**Student:** 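My questions will all concern the structure given below.
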Amino acid sequence: MKKVIYLILPCLMVFFTSCEDDFIDLDHPSSLTEGSYYNQVDHFLTGSNGLYGGLYRWQDQAIYSDHGSDLVGYEEGSAMQEYSRGETQAPATDGYYNNPYTQIRNLNLLIERAEVFEDQAAISQYVATAYFFRAYHHFNLMQRYGGVTIVTRSLDVDSDELYGPRNSRYEVTAQILADLDAAIAGLPNEANIGGSEKGKISKEAAQAFKADVLLHEATWMKYVGTDTDGDGTSSGAGSAGYDPANINTYLNEVVSLTKSIMDSGTFELWDYNNQLNNLSSNFLFILEDGGSNPAGLDKATNKEFIFYTKYDFTFRQAGTLVSHVYGGRVKPSRKIIDMLLCSDGLPIDQSPLFQGYANPEDEFQNRDYRMYSYFTNHDDVGVIPTIANDPDLRLSGTNNFGYFNAKFMSWKWGSSDAYRATRTESFDMPLMRLAEVYLMYAEALYELNGSLTDAQMNESINLVKARAGLPALTNAFLTANNMDIETEIRRERTVELYSEGATRFNDLKRWGIAEQELGATIFGAVIEGTVWETDTNLYNPSNYGFPEETTTTGVGPRRCLVVQPGSTRNFSKSNYLFPLPTNEIGITKGVLLQNPGY
């Protein structure tokens, strides 16, 4: 049996420009063949533009946006909910395996044709873009499956790679890093990308992505080691290329890359709290034109996004991507709500500013600005909701867990004067932004040294905290309050990047704590000692599938609503990797091995 190769010539989409003729080339000649294409500079331009269609981090909401993680109670039946409970079974086919290889074949064709093209200088940026995307797709494959087959040429139906074993994750990492080095060498600086080119991959985007790869693999090696490396070749070389010395080598390069971006002066945190009633962390993620927020700010003000997916109200609306999905399915859990610090920088169980849970609005007082940026409806900007004015707070229906998600929700979403109708949103979606670069820098320093100096905190994590209305961390503050920098770095990353991509799942796994965190009960609203306990018009326990359980809260043990009991959650080390599709294993007649535990 032979694997079928689908030949897909590069999409001729020209990436986001000021007019429709430039935005997309609708005249795709049906007569084009592989042999006749890539003989003009414009072919390389359109070919590289077409690669942006492979940015799929946001395209499947059943997989991304923290759905099914410990931070979100997703509706029953989602793929990631099954995954986080340890119930995933090996599928016959899997688009997350096959689709990247289709993209890889397209970009390898571009790279091959570039090798014999006469004017190398004229196409260098387009070739560098192809190298970036080859690294991007191999990394997504590796995060999901571990070791995979490295493909660096356009394959045919009889190519050896289709029927042979896969490479180890360490070999894949080496290839990813080599491709990113090639991309960095040929990409322009962000400062040199403007006008119709805005949104294309820059040198800094490739550097930030490389830092992400390095941090992921350094911490995976440090905390997971080779435990999941049964995913290698039939000769048992699942850990081929493993070298623990790379841990510090990678971490040092993370520090160097992130510091270069931080010091470039090209990017800055989007902080308009003084104009947006401290809601920058809400309006950043729904930024379109001047009508998308009460301050009249548009996308031109955003210098925080480094690597992102571009949308446009006229030429590329988001469809079902954003508010349509986030409004109905993302239900924040008790854990993420209680993670947010009080405005004095202390956890809620330590701070005298914490107001408890008696009324829904109480726990929103004196908190991290992201508390009401992410979790309240902003029809009335800056108003903390009460039961009287926000029906979303009523625990009166099934699968209502007590909190409303507002991140990525259009301004006045669902109201008669909503800025955008559902499914027409066109704000850009971040894949890497400056806040994450600051947090990668801080984390890499901690992993290297076990500590950060006050100066290092001030140039990284404290900048992110400042936008959230939190005081700066110092070593004296941490010691005085029995806090530790590792917990605070991980807390900040969890809160700041909440619901952005598959970040939470990947973080829990690379930190080696996924079994612990994903195996625990997921809670919703606190019931004991609150208005929910005394008014059945607001909360009817018979509408819920599980009885309340007592858990630790900011005011001690309290009965809370149960979204998913721990008894149904059996995530294990074997779930750190997804199973390979069985059809792929069958094609290779068992040479391609399944991941352990499936």
Side-chain angles (χ1 to χ4, degrees), residues 10-11 13-17 22 38 41-57 100 103-104 106-115 117 119-140 152 173-215 253-254 256-268 302-310 428-434 436-437 440:
C11 167
M13 185 182 76
V14 178
F15 204 65
F16 296 93
T17 60
D22 291 332
Y38 290 128
V41 172
D42 283 350
H43 291 172
F44 289 93
L45 167 64
T46 55
S48 67
N49 285 339
L51 300 177
Y52 288 86
L55 288 175
Y56 58 84
R57 183 172 175 181
Q103 295 290 332
I104 289 170
N106 290 340
L107 61 86
N108 279 338
L109 184 64
L110 186 155
I111 292 170
E112 290 167 357
R113 294 295 187 268
E115 291 173 354
F117 191 73
D119 190 350
Q120 293 287 309
I123 63 171
S124 60
Q125 178 180 347
Y126 314 136
V127 177
T129 299
Y131 277 114
F132 174 87
F133 279 107
R134 190 163 75 184
Y136 172 83
H137 291 300
H138 276 108
F139 183 56
N140 280 316
T152 58
T173 298
Q175 182 63 51
I176 291 169
L177 298 179
D179 282 345
L180 287 173
D181 285 341
I184 291 167
L187 287 167
N189 291 318
E190 177 67 26
N192 296 325
I193 300 176
S196 64
E197 301 292 292
K198 206 66 180 171
K200 288 192 173 181
I201 302 298
S202 67
K203 185 184 299 290
E204 293 91 343
Q207 291 173 325
F209 186 69
K210 185 180 182 184
D212 188 31
V213 173
L214 290 163
L215 182 61
E253 190 169 2
V254 174
S256 176
L257 288 165
T258 52
K259 191 69 163 65
S260 174
I261 296 167
M262 291 157 53
D263 292 345
S264 70
T266 303
F267 305 96
E268 60 187 41
N302 182 5
K303 297 180 181 179
E304 180 166 344
F305 289 4
I306 300 173
F307 173 33
Y308 54 100
T309 301
K310 205 80 169 102
D428 299 337
M429 303 296 285
L431 287 91
M432 189 74 64
R433 53 192 178 90
L434 183 60
E436 186 172 357
V437 168
M440 288 194 294

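Values in this document were obtained by computation on a predicted structure and should not be read as measured data. The residues of the chain are indexed from 1 along the displayed sequence.
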**Student:** Can you tell if the side chain of Lys210 reaches within under 4.5 Å of the side chain of Gln207, non-hydrogen atoms only?
**Tutor:** no
**Student:** Taking C-beta and beyond as the side chain, do Phe133 and Ile201 meet within less than 4.5 Å on heavy atoms?
**Tutor:** yes
**Student:** Pick one: which of Glu304, Glu204, Met262 meets side-chain contact (heavy atoms from CB on, under 4.5 Å) with Val437?
**Tutor:** Met262
**Student:** Considering non-hydrogen atoms only, spot the tightest contact between Ala211 and Thr258 and give its length.
**Tutor:** CB-CG2, 3.9 Å
**Student:** Can you name the nearest heavy-atom pair linking Met432 to Ala208, along with the distance?
**Tutor:** CG-CB, 3.6 Å
**Student:** Between Arg433 and Tyr308, is any pair of side-chain heavy atoms under 4.5 Å apart?
**Tutor:** no
**Student:** Mind checking whether Asp212 and Glu436 have side chains closer than 4.5 Å, heavy atoms only?
**Tutor:** yes
**Student:** Mind listing the side-chain donor-acceptor pairs of residues 124-131 below 3.5 Å, one per line with the distance, residues two or more places apart or on another chain?
**Tutor:**
residue : atom : partner : partner atom : Å
Ser124  : OG   : Ala121  : O            : 3.2
Thr129  : OG1  : Gln125  : O            : 2.9

**Student:** Please assess Lys200 against Asn49 for the test side chain to side chain contact (heavy atoms under 4.5 Å, CB included), listing each intermediate value before the final yes or no.
**Tutor:** CA-CA 8 Å; Lys200 288 192 173 181; Asn49 285 339; 2.8 Å; yes
**Student:** Hey, does Leu177 have a side-chain heavy atom less than 4.5 Å from the side chain of Glu253?
**Tutor:** no
**Student:** Measuring only between side-chain heavy atoms, which start at C-beta, is Glu190 closer than 4.5 Å to Ile306?
**Tutor:** no
**Student:** Anything under 30° is parallel, anything over 60° is perpendicular, the rest tilted; go ahead and classify Phe132 against Tyr136.
**Tutor:** parallel
**Student:** If you round to the nearest 0.5 Å, how far is NZ of Lys303 from CD of Glu268?
**Tutor:** 5.0 Å
**Student:** Between atom NZ of Lys198 and atom CG of Asn302, what is the distance when rounded to the nearest 0.5 Å?
**Tutor:** 9.5 Å
**Student:** Do we see a donor-acceptor contact under 3.5 Å between the side chains of Asp179 and Gln175?
**Tutor:** yes
**Student:** Is there a donor-acceptor pair closer than 3.5 Å between any side-chain N or O of Tyr38 and the backbone N or O of Ile111?
**Tutor:** no
**Student:** Over 60° means perpendicular and under 30° means parallel, so classify the ring planes of Phe307 and Phe209, tilted if in between.
**Tutor:** perpendicular
